[in-house]
Amino acid sequence: MSKKFPEYKGLDLSAINKSVLKLWEGEGTFEQSLKAREGQPSFIFFEGPPSANGMPGIHHVMARTIKDVICRYKTQKGFQVHRKAGWDTHGLPVELGVEKSLGITKEDIGKRISVAEYNQACRKDVMKYTDMWEDLTEKMGYWVDMEHPYITYDNRYIETLWWMLKELYKKGLLYKGYTIQPFSPAAGTGLSTHELNQPGCYKDVKDTTCTAQFKVVRDETSDFLYADCDTEVYFLAWTTTPWTLPSNTALAVGPSVTYVRVRTFNPYTGEPVTVVLAKDLVGAYFNEKNADLDLDAYQAGDKKLPFKVLDEFSGSTLTGVRYEQLIPWIQPDGDAFRVIPGDYVTTEDGTGIVHIAPTFGADDDRVAKVAGIAPLVLMDREGKRQPMVDRSGKFFLIKDLDDAFVKQFVDVKAYSEFAGRFVKNAYDASLSDEDATLDVDLSVMLKKENKAFRVEKHVHNYPHCWRTDKPVLYYPLDSWFVKTTAMRERMMELNNTINWKPESTGTGRFGKWLENLVDWNLSRSRYWGTPLPVWRSEDGSAEVCIGSVEELMQEVDKAVKAGVMDKHPFPDFKPGDFSSANYDKIDLHRPFVDDIILVSEDGKPMYRELDLIDVWFDSGAMPYAQMHYPFENKDSLPFPADFIAEGVDQTRGWFFTLHALGTMLFDSVAFKNIISNGLVLDKKGNKMSKRLGNAVDPFKVIEDYGSDPLRWYMMTNAQPWDNLKFDLSGVDEVKRKFFGTLYNTYSFFSLYANVDGFKGTEAQVPVAERPEIDRWVISLLNTLVKDVHAAYDQYEPTRAGRAIQDFVTENLSNWYVRLNRKRFWGGAFNQDKLAAYQTLHQCLETVALLAAPIAPFYMEQLYRDLQPEGQTASVHLALMPEVVETLIDKGLEERMAYAQQISSMVLALRRKVSIKVRQPLQKIMVPILDARFEAQLEAVKDLILNEVNVKELEYLKESTGVLVKTIKPNFKSLGPKYSKLMKPIAAAIGAMTAEDIAAFESAGSFSVEVNGEKLQLLPEDVEIISEDIPGWLVANEGRITVALDITISEDLRQEGYARELVNRIQNLRKDSGLDVTDKIRLQIQRHAALDAAVEKHRTYISSQTLADDLQLVDTCNESGAISVELESELETIIAIEKL
RNA sequence: AGUCCUGUAGCUCAGUUGGUUAGAGCACUACACUGAUAAUGUAGGGGUCCGCAGUUCAAAUCUGCGCAGGACUACCA
């Protein structure tokens, strides 16, 4: 028995999901898709590693669908597409998870739990959810090789990182320096920005703030400030952290900000002063009402402070002006106490002049460095340079400082009074909030010295340590850096060659990020991560960066020989053996690497720098580390990637580290094409979170709907880079609208194909010999193939999906199938019918191929169901269909569009006068605009008449004399020619009479006079249409007008009855459970109004209902006879019997 | 605070190089169709194209200034 096209009872996409998964698993389809492309060009893809210590969410389905779509598409285009899965296993979230589950804090590490045990716990914990991830990956249909993933904690992975770090080191791109970082004195540790962004870290606090007076040194550059001035001149600068004032070494002004000089008095001492501040902020310090007060009448202590604005100047004229050190306890070593430009200075608060303490502010440090200003640093007893505050949060004690330094730079008498004071009371266990703070005492001192202009409490937002709940300090800390700034230009150049989707992320967010690049701070003071492979002697004179395990082994041997180490920690490791068994003998994590002490050339012991490196280095290194490059795959590294995709939040994360490392190590981009997708929000547009309970469980959605509607919805609802407001009803809509329609279309096809024994192997009817409507849908199909390829090629899956969906629902189902139903049922299996099957079959198969990347499950089933006997290949191994340009016929597409439009207009007219479509009508009339239009219409005439059940189509031409024409200006044509005259021209055209229009048409041009100018209007300047036919029922849409003859003759009425009868009989057949092919005997009870109609259309009725025997009977009382109403007041009885 | 994205019907989204009547689907209402039938079609209502200003003969579209939502980066006197 020959194969039949499977028929289904209903569409259960969830069940299809499961059965197709089983099929893939049984056949090893994914492996086959790689094997089948062996020797073909590669399409290189990098998988960004997710962290497996969290549950996968619906947003992961989004990112992975994009990746999967592109990879499957490229496979179908003949490329071999390897996809290696990966796991990101290091980093803070892992540590936090472990600490939570073990119930410990960082302080316990090394005490209650050893570092080795802790790291062991991390190693185990990080893979906690891998099962879930693998499960989701499989169910959603994401094809990626999970059998051989790369894992960032693997020793071989780390070894590649070490090699890379050494390469950077050799190029001089790895260095140790300091930056200002958030630091918690209470916890004694630096904090990452990640930690500062924990909820609740930023709190409003009330601090003492101080506006200090910095006395201007009178010299050549500052002379203009002393012009016409009877007092000393001061800069005013505001700070919320007065304890940083002793570390002040500069003042910053905004170069384009306007400043003023104000003559007034110090409110605390009553001394006459002249102060400088931003013009916009005068109002914040002086009451406008006091501007007129007499300066001479002022008495110290008066509430009302008189002032007088002397003059104004720009910030740039102030730069370079010197001032006296405000609190001269300690001298800086270098240039200081100068006004410098600061790009970030605003006039929103303070005075518009910013106090700069380079040791306590990141911006401060940056602008000071640019201007060549020295920071205020101290030398401790160990010879290390320190800020004025030590790591416990207090001013350094003099006894802790280097003697020579104290002698040279410190005013011991003045400083002693404050040495040892904590900068925040929270750091000193003996103090409470009630006690006077250092800020207060300093401010009081400044008041007395005529150096404070205003002191007040101020509420502001300040970060706190999430562990100790105490305020953080911004503090200079030693760190290792990658000198990314050295390669900035090259990175920008290479970035310009990358195809970003959307483009703005590449040029905007990423491009701007590169422009403002700072060096990459690699250091992290943690336990679970890739250790920095740098060993140093204690005095810093000797240093070695290790680039491989083998090199480490050799150095260890030296160290053992020199007696620096007792024994070799990894004696069994065999260099050159890259098996996992060999690498399992070692551990490159802490604490093991910390225990290794190396020896310098001159015999000094060297200890490892305790830092771990940023986990982003791990992920950015994946192109090389996943292949254990260069130790393995030295000459076959797949690089750079043709394509990557990840969330837009990775711009400064993975995208940057990939790009930076690719540029610095290989002078190459790391990826050529990239899609950065937006977020998945809930349906109200809020961020999804477990806490709010609005997170969508991907497993449940897939179980309920299957993956295909979910994937389709995600790809087509919005562009991937726009945020997606995830709404389950949208998934449901996709299921009904797209998959439901496609399924129905296939069901229709298989039902009749099986009845007729269509196999799909018959010789093709040449397209040229197929009917107009077949050639039309084939034309559209080829246009679709072209458009979909273009969309995929441009990394725009949304456009591809929308185009496919539109074709299926609108053109294929709603028009092609609906108009062709009669060709499929009944009648002989002739060439016309064969053409219909072949056309529909080809459309369905092509859709399956085009849509397979997005909806891999259903398209797999559909494609296989459509294959002729003996062919069972997967759609995912098949090649994409080629577009056949010669089959695209735009003229045909145009006239079919006319047919659709006219049909819909006629149906609308019928509705208006309540005449059913089953009732035939005699005539429609269409005004003909030009010869081409007539020809186009003639070709689709039968389709229209059939669809709207009308007998004839009449073309109305000039000669018939019934046309009423109207004329409209064509702005697109007129605009460029006459621009300014447009309005009067439009009015003139509107005023044209029927005669004018006729004259215009016959002459081919028309002259109008507008504003005294004579103009020649040409045919393309206007649109002439006929939108009314007097005395007829008329519809008008755009250029097309249709009139309908609604008189119903006796003939027409009888034919209408016949069709009504057929309809009732068909219903009865169906209700009686008859098969589509069953023949019947039919009885109709006589009825005066009907008999003639039945006799006249006997053949028609019989053939439509498969009635081999039709009898008109006087009384019909067969069992199963029913009464039917054909129109109101017209009833009869019919009966059928299966033969 | 900076950079970027988004803002069009009740909801989700289209809207070409600016062209004068701004579209589709869903939802809603009414009607029709009926051997694709747990389907389908037709029609209808529904718009301050976020606001203001500008450029232009002409702006949803271009420019500027705002507003709202979101993301990232930073956290500053």
Side-chain angles (χ1 to χ4, degrees), chain A residues 10 182 193 196 202 209 211 237-241 244 251-252 342 344-346 348-357 361-364 460-463 474 502 504-505 507-513 515-516 647-653 678-679 681 683 685-687 716-719 721-725 727 729-730 732-733 736-737 740-741 743-749 751-752 802 805-806 809-810 813-814 817-818 821 824-826 904 907-908 910-912 914 916-918 968-976 978-986 1063 1066-1067 1069-1070 1074-1076:
Chain A
T193 52
L196 276 191
Y202 279 85
T209 67
T211 303
W238 181 60
T239 178
T240 56
T241 51
T244 61
L251 293 172
Y344 61 98
V345 175
T346 67
E348 286 188 6
D349 48 19
T351 63
I353 301 177
V354 179
H355 140 66
I356 299 291
D363 278 334
D364 300 29
H460 65 143
N461 210 248
Y462 198 82
Y474 287 88
S504 62
T505 299
T507 53
R509 187 183 290 199
F510 195 69
K512 290 275 160 49
W513 164 256
E515 277 173 36
N516 300 311
V648 68
D649 52 335
Q650 295 291 339
T651 307
R652 271 107 168 186
L679 282 102
L681 308 168
K683 63 178 170 186
N686 299 312
K687 213 171 170 175
T716 58
N717 187 66
Q719 297 276 24
W721 38 87
D722 287 338
N723 290 347
L724 175 69
K725 289 184 195 159
D727 188 350
S729 62
D732 196 61
E733 190 182 321
R736 282 184 291 115
K737 192 90 194 142
T741 305
Y743 161 79
N744 272 326
T745 306
Y746 169 78
S747 298
F748 176 87
F749 165 80
L751 175 65
Y752 293 109
R802 284 176 176 170
Q805 179 166 327
D806 203 50
T809 57
E810 292 309 313
S813 169
N814 187 26
V817 172
R818 197 158 55 84
R821 282 186 306 201
F824 290 92
W825 75 62
S904 120
L907 292 172
R910 278 179 167 273
R911 195 191 145 268
K912 214 179 255 174
S914 299
K916 291 181 171 185
V917 178
R918 267 197 297 270
K968 287 179 182 173
N970 178 1
F971 289 93
K972 205 162 182 170
S973 157
L974 288 166
Y978 302 117
S979 59
K980 302 240 178 209
L981 297 169
M982 285 301 287
K983 276 184 181 144
I985 290 174
N1063 166 244
Q1066 300 286 35
N1067 284 347
R1069 281 183 61 113
K1070 200 170 96 191
L1074 264 62
D1075 208 43
V1076 191

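In the text below, chain A, chain B and the rest are named by the order of the sequence lines, each starting its count at 1.
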Check: Under 4.0 Å between a side-chain N or O of A:Tyr474 and OP1 or OP2 of B:C75?
Finding: no
Note to self: Could you tell me how far apart A:Asp727 (CG) and B:G25 (P) are, to the nearest whole angstrom?
What the structure shows: 19 Å
Margin query: As a test of reading the structure: which of B:G25, B:A36, B:A71 is closest to the side chain of A:Glu733, going by heavy atoms?
Written below: B:G25
Item checked: Charged N-O contact under 4.0 Å between A:Asp732 and A:Arg736 -> yes
Notebook entry, point to check: Rounding to the closest angstrom, what is the interatomic distance between B:C49 and B:C13 at atom C1'?
Noted result: 14 Å
Notebook entry, point to check: Is there a Watson-Crick or G-U wobble partner for B:G2 with both distances under 3.5 Å, and if so, which one is it?
Noted result: B:C72
Item checked: Value in whole Å for how far the P atom of B:C26 lies from NZ of A:Lys737 -> 4 Å
Check: Roughly how far apart, to the nearest Å, are B:A59 and B:A53 at atom C1'?
Finding: 13 Å
Checklist line | Distance between C1' atoms of B:G47 and B:A60 (Å, rounded) | finding: 11 Å
Next item on the list: Determine the contact category for A:Asn744: base if any of its heavy atoms lies under 4.0 Å from a base atom, sugar-phosphate if only primed atoms, P, OP1 or OP2 are that close, otherwise nothing.
Entry: base
Next item on the list: Find the distance between CG (A:Asn717) and CG (A:Asp722) and round it off to the nearest 0.5 Å.
Entry: 10.0 Å
Check: Is there a side-chain contact between A:Thr505 and A:Trp721 (heavy atoms, below 4.5 Å)?
Finding: no
Check: What does A:Ser813 touch in the nucleic acid at a heavy-atom separation under 4.0 angstrom: a base, only the sugar-phosphate, or nothing?
Finding: base
Margin query: By nearest atom, which of the nucleotides B:C5, B:A36, B:U20 is closest to the A:Asp722 side chain?
Written below: B:C5
Item checked: Complement of B:A60, any strand, by Watson-Crick or G-U distances under 3.5 angstrom -> none
Next item on the list: Using the P atom as the reference point in each nucleotide, state the distance between B:C57 and B:G66 in Å, no decimals.
Entry: 28 Å
Next item on the list: Mind calculating the distance between OH (A:Tyr746) and P (B:U37) to the nearest angstrom?
Entry: 14 Å
Notebook entry, point to check: How do A:Leu751 and A:Thr241 order along RNA chain B: which one's closest nucleotide is nearer the 5' end?
Noted result: A:Leu751
Check: Given the P atoms of B:C33 and B:U21, what is the spacing between them in whole Å?
Finding: 37 Å
Check: Between A:Leu679 (CG) and B:C72 (P), how many Å, whole number?
Finding: 7 Å
Checklist line | Along RNA chain B (nearest heavy atom to each residue), the more 5'-positioned of A:Thr505 and A:Ile353 | finding: A:Thr505
Check: Using the ring of each side chain (for Trp, its six-membered ring), is A:Phe824 parallel, tilted or perpendicular to A:Tyr752, with breaks at 30° and 60°?
Finding: tilted
Item checked: Atom-pair distance (CG on A:Leu724; P on B:C13), nearest Å -> 7 Å
Note to self: Looking at A:Lys725, I'd like to know whether one of its side-chain N or O atoms comes within less than 4.0 Å of OP1 or OP2 on B:U12.
What the structure shows: yes
Checklist line | Nucleotide of B:C26, B:A39, B:U12 approaching A:Asn717 most closely (side-chain heavy atoms) | finding: B:U12
Checklist line | Distance in angstrom units between A:Arg802 CZ and B:U12 C1', rounded | finding: 9 Å
Check: Using atom C1' of each nucleotide, how far apart are B:U56 and B:C50 to the nearest Å?
Finding: 23 Å
Check: Roughly how far apart, to the nearest Å, are B:G10 and B:C75 at atom C1'?
Finding: 41 Å
Check: Looking at OG1 of A:Thr241 and NE2 of A:His355, how far apart are the two atoms once the value is rounded to the nearest 0.5 Å?
Finding: 5.5 Å
Check: So, does the side chain of A:Ser729 form a donor-acceptor pair with the base of B:A27 at under 3.5 Å?
Finding: no
Check: Which part of the nucleic acid, if any, lies within contact of A:Thr240, taking any heavy atom under 4.0 Å across all strands shown: a base, the sugar-phosphate backbone alone, or nothing?
Finding: sugar-phosphate
Check: What integer distance in Å separates A:Phe749:CZ from B:A36:C1'?
Finding: 14 Å
Note to self: Measure CD/A:Gln805 against C1'/B:A14 and give the value in whole Å, please.
What the structure shows: 13 Å
Next item on the list: Kindly compute the distance separating OG1 (A:Thr211) from CD1 (A:Ile353), expressed to the nearest 0.5 Å.
Entry: 10.5 Å
